[in-house]
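Okay, so here's the structure we're looking at.
Below, chain A is the first sequence line, B the second, and so on; all start at residue 1.
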There are 2 protein chains.
Amino acid sequence: MPVDDPLKLDLQLCFPLYAAARAMTQAYAPLLSKLGLTYPQYLVMLVLWETDGVTVKELGERLYLDSGTLTPLLKRMETQGLVRRERSTEDARSVHVHLTSQGRALRRKAVSVPEAMACKMGLSLEELSRLRREVRRLFETLSKSQPEPTK
Amino acid sequence: MPVDDPLKLDLQLCFPLYAAARAMTQAYAPLLSKLGLTYPQYLVMLVLWETDGVTVKELGERLYLDSGTLTPLLKRMETQGLVRRERSTEDARSVHVHLTSQGRALRRKAVSVPEAMACKMGLSLEELSRLRREVRRLFETLSKSQPEPTK
DNA sequence: GTCGAATTGATTGCGAGCAATTTAATTGTG
DNA sequence: CACAATTAAATTGCTCGCAATCAATTCGAC
């Protein structure tokens with residue numbers, strides 16, 4: 001098998017990306033479990049702490065997740081007492097997600113999470129921001145390569 | 001809410017990483033579905049094309065996946081006729097995974113995948129290799145921050 | 001105003017991921 | 001040899017993630 005085997009080189013970027021993303025959620029786990037959250041649930045809370053009362057659709061647009069993922073996830077969070085789901089009165093198709101007082105209160109326990117993670121990643125601020133920019137660019141390119149059906 | 005809110009900054013590296021990894025597997029999907037593979041299954045095939053007959057444990061070490069993920073995945077691949085699972089004769093605890101002739105043949109259809117993906121990612125070779133190095137470093141740091149129980 | 005198209009969530013079904021436990025086999029220690 | 005500790009897979013149970021489909025609602029052209 002040649003050294004420059006394309007099926008070997010292929011393990012180069014995509015696989016590390018895949019492995020790093022999983023390692024990242026695993027690194028979050030011990031921090032978030034103290035808050036009773038998983039990583040995707042934490043992402044939902046980040047959006048809600050910033051903008052309470054968004055619809056499921058808006059949540060999906062911000063997190064790039066669809067209702068098939070969000071609906072059951074939000075139901076679990078509702079059972080936990082972190083959020084309330086309310087169907088809109090103006091447009092009965094949409095559902096708004098509101099923080100409960102418990103959900104708002106959880107924010108105070110979450111403020112230490114980002115620093116703890118930054119520490120675990122062991123990158124300088126410049127490295128972190130450069131890597132972020134590059135990964136985001138890759139994400140955008142990949143997103144566009146998945147052409148949504150032009151209506 | 002202050003502009004430098006840590007819970008806002010937090011969306012900066014981890015979330016793009018998480019989103020990019022998902023976008024990446026979605027970009028693979030149309031290419032791999034022609035081969036009847038999912039992305040994790042493709043990873044298993046990459047290892048087997050390189051080293052046929054590895055054990056489940058070795059597969060797990062290379063892909064950072066445990067038997068809880070691999071066992072059902074390999075069973076599906078066995079049902080598809082791509083691999084054969086055989087319990088070792090020397091050590092009946094371990095299971096070796098072998099390619100079938102069909103699994104070996106699939107390699108020819110897979111050789112075009114890496115280039116197609118490289119195209120979708122739209123990065124130069126230098127960008128690609130730099131990003132790979134950085135993501136891999138991040139992965140290694142994160143892995144170490146998850147101390148395996150020292151026995 | 002009415003009817004067809006579009007939009008929003010919910011549902012279903014399946015394939016990962018992973019923690020925790022279980023089972024079976026092997027190793028090491030006395 | 002005996003038996004405790006270790007190891008490798010498998011199993012269980014839960015949470016994503018997403019494609020495909022469905023139901024309810026709203027929009028828009030007429």
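The salt bridge (charged side-chain N to carboxylate O under 4.0 Å, His left out) test applied to E58(B) returns no partner, not counting sequence neighbours. Every residue two or more places apart in sequence or in another chain was checked for a side chain to side chain donor-acceptor pair (under 3.5 Å) with S112(B), and none qualifies. Not counting sequence neighbours, the partners of R93(B) by the salt bridge (charged side-chain N to carboxylate O under 4.0 Å, His left out) test are D91(B). Not a single salt bridge (charged side-chain N to carboxylate O under 4.0 Å, His left out) links R22(A) to another residue, sequence neighbours left out. Residues that satisfy the side-chain contact (heavy atoms from CB on, under 4.5 Å) test with K109(B), not counting sequence neighbours, are L35(B), L106(B). T51(A) meets the side chain to side chain donor-acceptor pair (under 3.5 Å) test with R62(A); sequence neighbours excluded. Under the rule for a salt bridge (charged side-chain N to carboxylate O under 4.0 Å, His left out), D66(A) has no partner lying at least two apart in sequence or in another chain.
Straight-line distance from the CG atom of L59(A) to the P atom of dT8(C): 14 Å, rounded to whole Å. When the C1' atom of dA10(C) is taken as reference, atom CD of E78(A) falls 14 Å away, rounded to whole Å. In this entry the distance linking NZ of K75(A) with C1' of dC16(D) reads 16 Å, nearest Å. Q26(B) has its CD atom 17 Å from the P atom of dC16(D), to the nearest Å. Rounding to whole angstrom units, CE of residue M24(A) and P of dC16(D) are separated by 14 Å. Nucleotide dT11(D) holds its P atom 14 Å from the CG atom of D66(B), rounded to whole Å. Rounding to whole angstrom units, CD of residue E61(A) and P of dT7(C) are separated by 12 Å. One atom, CD of Q80(A), and another, C1' of dC14(D), lie 13 Å apart when rounded to the nearest Å.
Taking side-chain N and O atoms only, K57(A) has no distance below 4.0 Å to OP1 or OP2 of dA10(C).
For dA10(D), the base has a donor-acceptor partner in the side chain of S67(B) [N/O atoms by modelled type, under 3.5 angstrom]. For dA9(D), its base never sits under 3.5 Å from the side chain of T71(B) at any donor and acceptor pair.
Inter-axis angle, ends of the helix from dG1(C)-dC30(D) to dG30(C)-dC1(D), five pairs per end, rounded to 10 degrees: 10°.
For residues 79-89 of chain B, the pairs satisfying salt bridge (charged side-chain N to carboxylate O under 4.0 Å, His left out) are E78(B)-R85(B), R84(B)-E86(B), with sequence neighbours left out. Residue pairs that meet the ring-ring contact (aromatic ring centres under 6.0 Å, His included) test with at least one member in residues 108-142 of chain A, sequence neighbours left out, are Y64(A)-F139(A).
Among the atoms of the strands shown, none is found under 4.0 Å from any heavy atom of T25(B). L70(A) comes within 4.0 angstrom of nothing in the nucleic acid, heavy atoms only.
Summarising the geometry, atom CG belonging to L65(B) is positioned 8.0 Å from atom CG belonging to L73(B); distances are rounded to the nearest 0.5 Å.
Place G68(A) and R22(A) on DNA chain C by their nearest nucleotides, and G68(A) ends up nearer the 5' end.
Ion pairing between E140(A) and R136(A) fails under the 4.0 Å rule for side-chain N and carboxylate O. Salt-bridge formation is detected for the pair K57(A)/E61(A): a Lys NZ or Arg NE/NH1/NH2 atom is positioned less than 4.0 Å from an Asp or Glu carboxylate oxygen.
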Using the 3.5 Å cut-off, write out each protein N or O paired with an N or O of nucleotides 14-16 of chain C and the distance between them.
| unit_1 | atom_1 | unit_2 | atom_2 | d |
| --- | --- | --- | --- | --- |
| dA16(C) | OP1 | T38(B) | OG1 | 2.6 |
| dA16(C) | OP2 | Q41(B) | NE2 | 2.6 |
| dA16(C) | OP2 | R76(B) | NE | 3.1 |
| dA16(C) | OP2 | R76(B) | NH2 | 3.2 |
| dA16(C) | O5' | R76(B) | NH2 | 2.8 |

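Against DNA chain D, the stretch residues 83-97 of chain B makes heavy-atom approaches under 4.0 Å through R85(B), R87(B), R93(B), S94(B), V95(B).
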